[in-house]
Structures are given as structure tokens and as C-alpha cells.
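Order of the sequence lines sets the chain letters (A, B, ...), proteins ahead of strands, with each chain counted from 1. Only heavy atoms go into these numbers, but all of them, side chains included; no hydrogens, no water, no symmetry mates.
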Number of protein chains: 2
Amino acid sequence: MSEGSVSDKTVARLSLYRRLLSDLLNQGIRNVYSHQLASAAGVTAAQVRRDMMAVGYSGTPVRGYSVPDLIESIGNLLDSAQAQSAALAGLGNLGRAITAYFAGRRPKLAIVAAFDNDPYKVGRVINEVECFHINDLGPIVEQRNIRVAILTVPASEAQQVADMLVRAGVKGVLNFAPVRLRVPPDVYVENMDMAVCLEKVAFFARQGRTTAEAPS
Amino acid sequence: MSEGSVSDKTVARLSLYRRLLSDLLNQGIRNVYSHQLASAAGVTAAQVRRDMMAVGYSGTPVRGYSVPDLIESIGNLLDSAQAQSAALAGLGNLGRAITAYFAGRRPKLAIVAAFDNDPYKVGRVINEVECFHINDLGPIVEQRNIRVAILTVPASEAQQVADMLVRAGVKGVLNFAPVRLRVPPDVYVENMDMAVCLEKVAFFARQGRTTAEAPS
DNA sequence: ACAACATCGTTACAGATTTCACAATATCGA
DNA sequence: TCGATATTGTGAAATCTGTAACGATGTTGT
Ligand SMILES: NC(=O)c1ccc[n+]([C@@H]2O[C@H](COP(=O)([O-])OP(=O)(O)OC[C@H]3O[C@@H](n4cnc5c(N)ncnc54)[C@H](O)[C@@H]3O)[C@@H](O)[C@H]2O)c1
Ligand SMILES: NC(=O)c1ccc[n+]([C@@H]2O[C@H](COP(=O)([O-])OP(=O)(O)OC[C@H]3O[C@@H](n4cnc5c(N)ncnc54)[C@H](O)[C@@H]3O)[C@@H](O)[C@H]2O)c1
């Protein structure tokens with residue numbers, strides 16, 4: 001199904017659109033125009049319509065887009081047929097915040113296992129997620145067919161833990177450690193680099209650069 | 001001083017380079033080639049050399065770049081002359097993790113005040129940062145000349161708190177709430193949208209897209 | 001029934017960003 | 001001293017990304 005190549009940026013915007021559309025649906029709004037969605041997302045109307053080409057969904061003039069139908073169409077592109085599972089490595093300050101945030105939020109993409117090397121955490125259930133010892137990562141990730149991981153271990157451990165994840169079959173990593181991971185070319189890594197982002201903000205705050213950022 | 005227009009992406013990469021260079025310096029390495037820095041950062045050597053043009057620093061053939069000199073040159077571009085101060089709004093799970101992470105790390109860009117509306121937190125010092133009541137935000141931000149803020153309040157409160165920050169003179173916001181903030185055009189907003197990023201990772205993990213991401 | 005209208009889908013364009021390619025050059029070894 | 005060599009800096013080409021423009025189209029009001 002679907003296009004072989006949807007760009008990075010487009011995927012990010014579609015995910016954002018979907019969240020905005022869900023908000024609209026909760027407000028009882030069932031139709032939306034490209035310029036309305038654009039305004040909510042902070043992009044141009046042309047951008048929204050262009051992104052819709054990737055989805056393959058067509059609205060109608062005068063009515064615009066059907067909110068529930070569009071949510072479903074975006075889901076057809078972004079979501080996998082069967083639910084995906086994610087693992088989290090490193091249940092420290094950030095790891096716990098993240099598990100709390102995602103707990104019970106996405107049925108199609110949930111954190112189903114956490115790993116740490118701190119014996120005090122292993123065996124406990126934190127924010128609805130069971131914590132295992134890092135040494136058991138391989139078998140558990142393989143058994144549960146986990147392909148997505150969130151990496152929140154200290155920078156010094158990040159590469160080593162990433163290697164374990166990759167060996168166990170993980171194909172996508174959301175990396176919070178301020179380190180560039182070395183992974184095989186078929187593994188996708190997204191770096192959330194807070195230090196870099198904060199320096200960016202500080203720089204442009206000083207420069208007075210006119211705002212507006214696409215979703216990271 | 002310096003160029004009027006350095007791109008978004010270039011600023012992010014320069015911040016990354018600087019961190020990598022600091023690591024090298026700690027290892028006692030005092031010279032580096034563009035292809036080495038490129039490999040560490042996950043970009044091409046041509047990209048590194050192109051970014052150096054924005055900095056205005058020149059290396060020499062055969063020797064490459066001087067690590068300490070390059071760190072200084074990047075600092076001349078990225079850092080402000082006098083230290084910048086940042087505020088954090090919302091000392092919840094994520095806010096506490098972030099203050100812990102940045103505590104005592106950057107002398108030139110430190111979190112110097114936190115704000116919350118939870119009376120239990122107000123008045124306490126958490127991770128070396130004093131917590132004030134959100135209602136006192138305006139005067140304190142103005143007095144301390146704070147221009148940069150990190151926003152980690154619940155999504156429902158984000159716009160309102162952002163308005164307070166902007167009124168107090170903040171010109172750059174690192175926003176973690178899954179909401180698109182409305183701010184005047186002279187205020188720079190960087191969205192760290194974890195939900196969007198996780199969906200991106202899940203999507204490309206499935207697609208088998210060949211990796212490699214620029215710094216966010 | 002049909003004209004007026006606002007919006008959609010798509011193609012063509014423009015701008016930004018990255019990569020390529022190569023002349024210029026500083027250093028090392030003979 | 002001087003040639004050999006690997007690297008730099010940068011103009012030009014290529015690619016990626018977003019914007020603009022416009023014909024096509026469905027709806028509404030009369
Ligand atoms: N806290 C933040 O806001 C923040 C911001 C930016 C980046 N980061 C990065 O995120 C990562 C985690 O940050 P944190 O503040 O949560 O740190 P933390 O020290 O609170 O948590 C790290 C966790 O990883 C566990 N751990 C250590 N070694 C391990 C190993 N080999 N295998 C499995 N688990 C291991 C520790 O037991 C701990 O629970 C770090 O790389 C940090 O640089 C954090
Ligand atoms: N925790 C995560 O990993 C994570 C991930 C992605 C996004 N986010 C977003 O970050 C934000 C914070 O997340 P969290 O998990 O820390 O939530 P949290 O509920 O733990 O923390 C929110 C904090 O904000 C304070 N607060 C509430 N209203 C306020 C107001 N009007 N003024 C000042 N302070 C106020 C609360 O007292 C609390 O301390 C949310 O918008 C969340 O969606 C969090």
C-alpha cells in the first residue's frame with residue numbers, strides 16, 4: 001500500500017494534523033478547510049493540501065475535509081495494520097517522565113516494556129510499564145516483536161544499549177542521549193537533542209529571527 | 001556582529017559540532033579534519049566545511065582545524081557576549097528532569113528560575129533552581145532580564161503561560177506542550193514534540209527508510 | 001435550473017539546502 | 001629547496017522543500 005517515499009517533514013506534519021483533527025472532533029467539529037488546519041498547525045494552506053496528496057484523501061470544495069474521514073486516512077498511512085509496541089531503555093528522570101506521558105495514551109503505539117540496570121527498579125511496574133533488567137533486553141524484545149525503542153540511558157551507555165536494541169531487531173530509535181549513534185543503515189534514528197534546541201532558541205531569541213517552526 | 005542570516009539548520013549543527021569538539025578536547029585531541037567531525041556528527045565533510053563559512057573560521061590544509069580555536073569561534077557566533085538566563089515554567093515530571101539535566105552544566109545559558117502554580121513546589125529549591133509562583137512570573141522575568149524560556153506546563157495551560165512569558169519580554173521559547181503557540185512575530189518558538197517524533201520513528205521503522213537525521 | 005462562489009487538486013515555479021568538484025595551499029620528507 | 005600529498009574553501013550543480021497560481025468542482029441560494 002501507499003507511496004514508497006513520503007518525506008520526513010511530511011510525516012511529521014501529518015502526525016501533527018491528526019492530533020489537531022482529533023481535538024476538533026472532540027469539539028464536535030466535523031468539517032475543516034485547508035486554511036483552518038493550516039492556521040492551527042502553523043503552516044500555509046498550500047502546504048496542507050500538498051501533504052494531503054501523500055495521504056491520497058480528497059476533500060470537496062465548499063465542504064472542505066471531513067474530519068473523521070481524514071483522521072482515518074492519515075491513520076491508514078501512518079499506523080501499521082497491527083499495533084506496534086515500543087520499549088524504553090533507561091528509567092531515570094527523563095524515562096519516567098516519558099512513560100508517565102505516554103501511559104494509556106496511544107493504543108496503536110504503546111510502551112510495553114522498560115529496561116534498566118538499577119536493581120531497585122527491576123521487577124517493579126512504573127507508570128503501567130514493567131521494568132526488566134537490561135541484560136534480559138534481547139529475549140524480551142524479540143519475543144514481543146518490538147521494533148521501536150526510546151533511549152534514555154546516560155550518554156556513556158547509549159551506544160552500547162543501542163547495539164543491544166539493534167541486535168534484538170529494533171528498527172527505529174528515538175534517542176535522547178546527546179550522542180550520535182552508530183547503527184546499520186536499515187535502522188532509523190531520530191535525535192531529540194535538548195541541549196542543541198535550547199541553544200538554537202537562545203540564539204534566535206537574541207537575533208530576533210521571525211518565528212515559525214515546522215514540527216520537529 | 002556576524003552574519004545577519006545563519007540558517008536554522010546551520011545553527012543546530014554548529015551547536016552539535018561544538019559539543020563534539022569539547023569531547024575531543026577532553027580526550028586531548030587538538031586538531032581535527034572536516035571528515036572526522038562530519039563522521040562524528042553524522043553529516044558529510046562538505047557540509048561541515050560549508051557550515052564553517054558561517055562561522056568565519058578557517059582551518060589549514062594538512063592540519064585541519066584547531067579544536068580549541070574552533071570551539072572559540074563557534075562560541076563567538078552562538079553565545080551572547082554576556083551570559084543569557086533561562087526560565088522554566090511547569091515543574092512537573094518533565095520540568096524536573098530538565099532542570100536536573102541542565103543544572104550546573106552551561107555557565108553561559110543556565111536555568112535561573114522556575115515557575116509553578118502548585119503551592120507545594122513554590123518556595124522550594126529544586127535541582128539548584130528556585131521555584132516561584134506563576135503569578136510572580138512577570139516581575140521576576142523582567143528584573144532578571146530573562147529572554148529564554150522552557151515551557152513544560154500542561155497543554156491546556158500552555159498558551160496562557162506563553163502569553164505571560166511574552167508579556168514579560170521573553171523572545172525565545174522551547175515548547176514541550178503538544179500545542180502550537182500563538183506568539184508575536186518577533187518571538188522564536190521551537191517545538192519539541194515527542195508524540196510526533198515517536199510516530200515518525202514508528203513509521204520509518206516499518207518502512208525501512210535508510211537512517212541518518214540532522215540534529216533536530 | 002443555474003449562476004455565483006469558495007475551496008480543492010495539481011502543476012509550475014522559487015527558494016533553500018546539500019552535494020559535487022576542483023583550484024589553492026600548507027606541511028612533511030627527501 | 002622542492003616535489004608529493006591530503007585537505008581546505010568555495011563556485012556551480014543538483015536536490016529537496018515550500019509557495020503560488022489556476023482550472024476543476026461541488027454547493028448554495030434564488
Ligand atoms: N533529563 C533530561 O531532561 C534530559 C535532557 C536531555 C537529554 N537527556 C539525556 O537523557 C538520558 C537520560 O537522562 P536522565 O536525566 O533520565 O538520566 P538519569 O541518570 O536520571 O537516568 C538514567 C537511567 O539509566 C539507567 N542506566 C544507566 N546505565 C544503564 C545501562 N547500561 N542499561 C540500562 N539502564 C541504564 C540508570 O539506572 C537510570 O535509571 C541521558 O543520556 C541524558 O543526557 C536528559
Ligand atoms: N512528561 C513527558 O515526557 C512529556 C512528553 C511530551 C510532552 N510533554 C508535555 O510537557 C508538559 C508537561 O508534562 P509533564 O509530564 O511534566 O506534566 P506534569 O503534570 O507532571 O507537570 C505539569 C506541571 O505544571 C504545573 N502547572 C499546571 N498549571 C500551571 C500553570 N497554569 N502555571 C504554572 N504551572 C502550572 C503543574 O503544577 C505541574 O507541576 C505537558 O504539556 C506535556 O504534554 C511531556
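For B:Arg50 against D:dT10, no side-chain N or O and base N or O form a donor-acceptor pair under 3.5 Å.
Rounded to whole Å, the distance from CE on A:Met53 to C1' on D:dT19 is 14 Å. Rounded to whole angstrom, the span from the CG atom of A:Asp8 across to the P atom of D:dC16 amounts to 12 Å. Following rounding to the nearest Å, A:His35 (NE2) and D:dT19 (P) show an atom-to-atom distance of 17 Å. In this structure, B:Gln36 places its CD atom 14 Å from C1' of D:dT8, rounding to the nearest Å. At whole-Å resolution of the value, OH in B:Tyr65 and P in C:dA26 are 14 Å apart. In this structure, the CG atom of A:Asn31 is 14 Å from the C1' atom of C:dA6, given to the nearest Å. When rounded to the nearest whole Å, the span between CG of A:Asp51 and P of D:dT19 equals 10 Å.
Mapped onto DNA chain D by nearest heavy atom, B:Met52 and A:Thr10 fall at different nucleotides, with B:Met52 at the one closer to the 5' end.
Pairs passing the salt bridge (Lys or Arg N to Asp or Glu O under 4.0 Å) check and including a residue from residues 56-84 of chain B, sequence neighbours excluded, read B:Arg18-B:Asp79. Residue pairs meeting the side chain to side chain donor-acceptor pair (under 3.5 Å) criterion with at least one member in residues 157-166 of chain A, sequence neighbours excluded: A:Gln159-A:Asp163. For residues 20-32 of chain B, the set of pairs meeting the side chain to side chain donor-acceptor pair (under 3.5 Å) definition, not counting sequence neighbours, is empty.
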Please set out all donor-acceptor pairs under 3.5 angstrom arising from side-chain atoms of residues 143-155 of chain A, sequence neighbours excluded.
unit_1, atom_1, unit_2, atom_2, d
A:Arg144, NH1, A:Val112, O, 3.2
A:Thr152, OG1, A:Ala89, O, 3.0
A:Thr152, OG1, A:Gly90, O, 2.6

Check your understanding: How does protein contact run along nucleotides 23-30 of chain D, one letter per nucleotide 5' to 3', with B for base contact, S for sugar-phosphate only, - for none, heavy atoms under 4.0 Å?
Key -> --BBSS--
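Proximity of B:Tyr33 to the phosphate of D:dG9: no side-chain N or O atom is located under 4.0 Å from OP1 or OP2. Taking 4.0 angstrom as the limit, B:Gln47 places a side-chain polar atom (N or O) nearer than this to OP1 or OP2 of C:dT19. Between C:dC8 and A:Ser58, no contact under 4.0 Å exists linking OP1 or OP2 to a side-chain N or O. A:Ser34 has no side-chain polar atom (N or O) that falls below the 4.0 Å cut-off from OP1 or OP2 of C:dT7.
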Using a cutoff of under 3.5 Å, can you pull out all pairs of nitrogen or oxygen atoms linking the protein to nucleotides 21-23 of chain C, with atom names and distances?
unit_1, atom_1, unit_2, atom_2, d
C:dA21, N6, B:Arg49, NH2, 3.3

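Figure legend: cation-pi geometry between A:Arg105 and A:Tyr101, with NZ or CZ positioned under 6.0 Å from the six-membered ring centre and within 45° of its axis.
Residues B:Arg182 and A:Ser39 bring a donor and an acceptor atom of their side chains to less than 3.5 Å of each other.
When the salt bridge (charged side-chain N to carboxylate O under 4.0 Å, His left out) test is applied to B:Arg96, no partner is found at least two apart in sequence or on another chain. In terms of the side-chain contact (heavy atoms from CB on, under 4.5 Å) criterion, residue partners of A:Asp116 (sequence neighbours excluded) are, by chain and number, A:Leu91, A:Asp118, A:Lys121, A:Cys131. In terms of the ring pair (Phe, Tyr, Trp, His ring centres under 6.0 Å) criterion, A:Phe176 has no residue partners (sequence neighbours excluded).
Side-chain atoms of B:Arg13 lie closest to C:dT18 of the nucleotides C:dT10, C:dT18, D:dT17.
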